[in-house]
Protein chains: 2
Amino acid sequence: MGSMAWDTDATREKLLDAAITEFSDRGFSGARIHQISRISGCNRERIYFYFGGKAELFEAALTRELVTALDDLPIVGSGPVAIADFAGRYFDLSRSRPSLARLTFWEGLEQGHPVGAETRALRAANKVSEIRGALPALSEAAAEDLLLTIVTLCHAWVSSPNVPLVITGTPDDERRRASIIRTSELLARDAPGMASQPS
Amino acid sequence: MGSMAWDTDATREKLLDAAITEFSDRGFSGARIHQISRISGCNRERIYFYFGGKAELFEAALTRELVTALDDLPIVGSGPVAIADFAGRYFDLSRSRPSLARLTFWEGLEQGHPVGAETRALRAANKVSEIRGALPALSEAAAEDLLLTIVTLCHAWVSSPNVPLVITGTPDDERRRASIIRTSELLARDAPGMASQPS
DNA sequence: TCAATCTCCAAACGTCTGGTTGGATTTGAT
DNA sequence: ATCAAATCCAACCAGACGTTTGGAGATTGA
């Protein structure tokens with residue numbers, strides 16, 4: 001009758017959420033299946049039923065978190081300031097959802113091969129197009145380099161806190177945000193026709 | 001006098017070298033004590049004799065690799081070009097000894113607290129002074145930000161290859177090197193008092 | 001209602017892990 | 001030759017790990 005069957009989707013979601021948390025905190029090797037089941041409130045066995053194993057769960061968690069990365073961050077307006085604005089919003093996103101940056105680094109350090117490479121490459125390419133739309137003077141390669149620099153700086157800030165700690169003392173979010181924004185703007189301004197370019 | 005009984009220092013060194021390799025490759029959780037003993041050629045038990053345990057060996061390996069980081073990389077000359085040159089050499093160093101960058105990220109992601117913080121802070125401060133010596137127009141904070149940006153970009157390039165892969169396709173060392181150098185130079189030029197920047 | 005099906009869970013399994021131990025073997029000094 | 005220290009080695013330990021299993025309880029269709 002009307003009453004709902006088992007809420008199997010909710011179980012999957014709870015497991016995925018817990019997996020994202022645990023894998024983001026401790027990486028693949030450090031994550032514990034027992035801990036994921038504990039914080040999800042589900043039984044350990046459900047992981048194997050729904051996902052197959054630890055490795056597959058890692059992939060599923062990674063996919064879910066990474067694929068939607070650049071989506072909600074359009075570049076509005078045009079010119080270097082629009083790029084700087086985008087960088088600021090990407091910084092804020094990385095700050096508010098550090099699992100994205102951390103999972104990215106875990107993936108690179110532990111796993112090696114990127115999951116969902118095609119999808120991510122596609123979204124990255126779209127973002128590069130957006131950048132070039134806002135900065136027609138930029139070459140394709142320069143736009144890629146710029147996006148890579150912005151993403152790298154934001155990710156590293158949230159996932160590698162001790163380098164900042166050692167260099168600048170107590171980390172200061174606002175200050176770093178301003179620095180990254182400034183860097184992005186300078187790079188955006190550094191286009192052929194606006195200044196002399198490196199070969 | 002003369003010759004020593006057993007070359008105990010060599011044993012320590014072999015263990016440390018192997019530990020650096022293994023920890024750099026797989027991180028703390030992923031590294032296997034058995035593997036370290038294997039590639040060092042020493043017995044597993046020697047690790048506990050000399051270092052106490054896995055955690056202490058990790059600290060020792062990290063210390064040895066990180067503390068000497070910025071030492072052999074003086075800033076020669078002055079002006080933005082000197083900074084760009086430094087960035088290029090730091091890039092080359094990171095490329096040729098990736099364990100430095102990787103261990104730094106492992107430390108940040110897994111461990112949290114920086115090992116040898118005081119020593120590293122001191123050397124970083126020295127480097128900041130050097131930068132300011134080459135660029136008197138830069139404020140202390142700006143010099144710190146600049147150093148942090150250079151180090152971050154170089155480290156991330158060698159330890160997080162999939163972001164570049166997804167954004168630019170096949171990674172190109174020379175191209176990235178040029179991009180980081182250009183970024184450093186732009187940042188170095190962006191100082192109060194240098195209102196207009198000729199290239 | 002009955003039986004089939006699905007979700008969940010507790011317990012168990014086999015393996016691997018970091019770490020320990022005791023003794024055999026090597027080495028240089030005396 | 002003898003001694004002591006350094007090393008190796010094999011076995012062992014207890015705990016943690018990822019994974020599997022057997023069945024209990026809930027749900028559904030007839």
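Not measured: the values here are computed from a predicted model.
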Exercise. With sugar-phosphate meaning primed atoms plus P, OP1 and OP2, does B:Phe49 contact a base, only sugar-phosphate, or nothing at under 4.0 Å between heavy atoms?
Worked result: nothing
For this session: Write down the distance between CZ (B:Arg32) and P (C:dT15), rounded to a whole number of angstrom.
Result: 17 Å
Exercise. Does the side chain of B:Thr11 get closer than 4.0 angstrom to OP1 or OP2 of D:dT7 through an N or O atom?
Worked result: yes
Exercise. Starting at CG of B:Asn43 and ending at P of C:dT20, how long is that distance when rounded to a whole Å?
Worked result: 14 Å
For this session: Round to the nearest Å and state the distance from B:Gln35 atom CD to C:dG19 atom P.
Result: 16 Å
For this session: Give me the ring orientation class for B:Phe105 and A:Phe105: parallel if the planes are under 30° apart, tilted from 30 to 60°, perpendicular past 60°.
Result: parallel
Exercise. Which is true for B:Gly41 with a 4.0 Å heavy-atom rule: it touches a base, it touches only sugar-phosphate, or it touches nothing?
Worked result: sugar-phosphate
Exercise. When all nucleic acid strands are considered with a 4.0 Å heavy-atom cut-off, which category describes A:Ala55: base, sugar-phosphate, or nothing?
Worked result: nothing
Exercise. Base, sugar-phosphate alone, or nothing: which one does B:Ala10 contact when heavy atoms must sit under 4.0 Å apart?
Worked result: nothing
Problem set entry | Lys NZ or Arg CZ of B:Arg89 over B:Phe86 ring: under 6.0 Å, within 45° | no
Problem set entry | Any N/O donor-acceptor pair, B:Arg44 side-chain to C:dG19 base, under 3.5 Å | yes
Exercise. When you measure from the side chain of B:Glu45, which nucleotide among C:dT7, C:dT21, D:dT21 comes out closest?
Worked result: C:dT21
Exercise. From the list C:dT7, D:dT19, C:dG18, which nucleotide is the closest neighbour of the side chain of A:Arg46?
Worked result: C:dT7
Exercise. Checking A:Arg12 against A:Phe51: charged group under 6.0 Å from the ring centre and within 45 degrees of the axis?
Worked result: yes
For this session: Pick base, sugar-phosphate or nothing for B:Ile33, based on heavy-atom distances below 4.0 Å to the nucleic acid.
Result: sugar-phosphate
Problem set entry | Proximal nucleotide (of D:dC8, C:dG18, D:dT19) relative to the A:Tyr48 side chain | D:dT19
Exercise. So, A:Tyr90 versus A:His155, ring centres under 6.0 angstrom or not?
Worked result: yes
